[in-house]
Amino acid sequence: MDPLDVLTNLEKVIPYYQAIFSADEQRVIGYEVLGRIQIENDVESLGSFFHDENIPDEYRIEVDDYILHNALKEFLSLMDSEILLFINRDANLLMLDHGESFLQALLDQQINGLKLTQIVLEITEHNFQGDTEQLYHLLTYYRTYGIKIAIDNIGKASSNLDRIGLLSPDILKIDLQPLRLTSPLQSYYDVLYSISLLARKIGATLLYEDVEVNFQLQYAWKNGGRYYQGYFLDKPKREFLQRDDSKERLKREFQTFISTEKKKLETIYKFTEQFHKRIQQFLMKYDKQDEQYELLLNQLSNELDDCCFRIYICDEDGFQQSVNIFKKDTWIVQPQYYMKNWSWRPYFLANIIKMRFEKKGFLSDVYSDIETGELIRTFSYPLNNIHYLFVDLSYEYLFEEEGLL
Ligand code: CA
């Protein structure tokens with residue numbers, strides 16, 4: 001599309017609205033404004049126009065402002081003071097006049113009833129070329145008016161976690177498109193997981209976008225997503241979707257997710273109970289004592305040969321009180337692990353205290369083993385008042401068992 005065609009046909013430029021839904025209310029909580037142009041009988045996206053850095057800044061700003069003006073007018077006609085309007089701005093363009101004209105456009109509408117607390121400014125962080133500190137100051141200034149800040153397009157291109165943290169947005173918009181690939185890389189999931197932890201730490205709400213099929217919605221729900229957007233829920237439209245139009249459908253979807261998740265958790269709970277009993281029964285039969293537990297580990301490796309590949313014992317400060325017994329084709333003894341300390345590992349001490357108080361075995365989450373690189377789980381078990389048994393369950397075993405991976 002020729003940029004001049006857009007500028008000479010400004011009256012054909014129109015705002016479209018894509019609804020954003022919330023998990024807690026199962027209804028629309030806002031709309032993202034998207035630029036479109038009417039060409040004969042077709043409506044085309046202006047996305048490429050806005051992202052084309054060869055188009056002079058002032059052209060893009062002019063079209064952006066035109067859409068904003070009309071969108072605000074239509075938004076105000078909704079007379080709904082609860083709902084949010086998500087507005088995209090290129091951070092590079094925004095900074096050209098230190099964000100003044102954008103703010104002024106919003107302030108001008110206060111007389112018509114606009115509350116700035118209803119505005120969410122979406123900016124993209126990864127293509128911002130200016131000084132982050134200055135952008136941060138502008139966003140902080142906007143916030144004093146109640147404007148909320150969303151960082152857009154996270155997950156699509158490489159995002160800077162420290163820069164996102166510094167900008168401390170209210171909302172993180174995460175793109176779920178890569179999930180449509182037949183086999184997304186494990187690293188993609190890991191990055192999404194890190195982002196969700198960051199969001200939790202900085203108190204930002206997660207909005208998952210580009211939700212196009214059911215399993216993406218399920219992923220979003222399961223991974224801390226409070227807000228959702230995408231074709232699966234609502235396509236961008238010329239009109240605003242009624243807030244409760246999808247409520248029943250969303251409620252049904254969530255109910256299915258809840259049941260599935262509860263079943264998975266029940267499976268893990270039952271497995272934990274059974275495995276606890278299995279070790280308990282073995283220990284009841286076992287009566288020999290030796291200082292370094294080698295005999296015990298030896299016999300345990302026979303007993304648990306079907307499921308585990310590493311066994312060892314620690315005290316409650318994390319100092320290993322035994323050798324490792326490790327399965328590498330056959331079981332081998334690794335004496336070098338004696339007296340190593342594992343208290344630095346995530347959740348280690350928390351899990352010890354949990355076991356001490358509950359006097360029960362405990363199954364870890366799935367994680368990558370630091371030595372083998374395989375996905376595993378660890379079953380830990382309070383052996384007596386001072387020592388704890390650790391049994392690493394192999395990937396093959398978890399894979400065969402229902403619901404453990
Ligand atoms: Ca956006």
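Counting starts at 1 for both ligands and their atoms, in listed order.
- Ring orientation note: the planes of Phe271 and Tyr397 are tilted relative to one another, at an angle of 30° to 60°.
- Among the backbone and side-chain atoms of Asn153, no N/O/S atom is found under 3.0 Å from the Ca ion (ligand 1).
- Sorting the N, O or S atoms of Asp152 by how far they are from the Ca ion (ligand 1) puts OD2 first.
- Remark: at the Ca ion (ligand 1), atom OE2 from Glu32 and atom OE1 from Glu122 enclose 90°, rounded to the nearest 10 degrees.
- Aromatic ring orientation, Phe326 versus Phe309: perpendicular (interplanar angle above 60°, classes split at 30° and 60°).
- The aromatic rings of Phe257 and Trp221 sit tilted, their planes meeting at an angle between 30° and 60°.
- Note on ring orientation: taking the six-membered ring where Trp is involved, the planes of Tyr17 and Phe240 are parallel (angle under 30°, cut-offs 30° and 60°).
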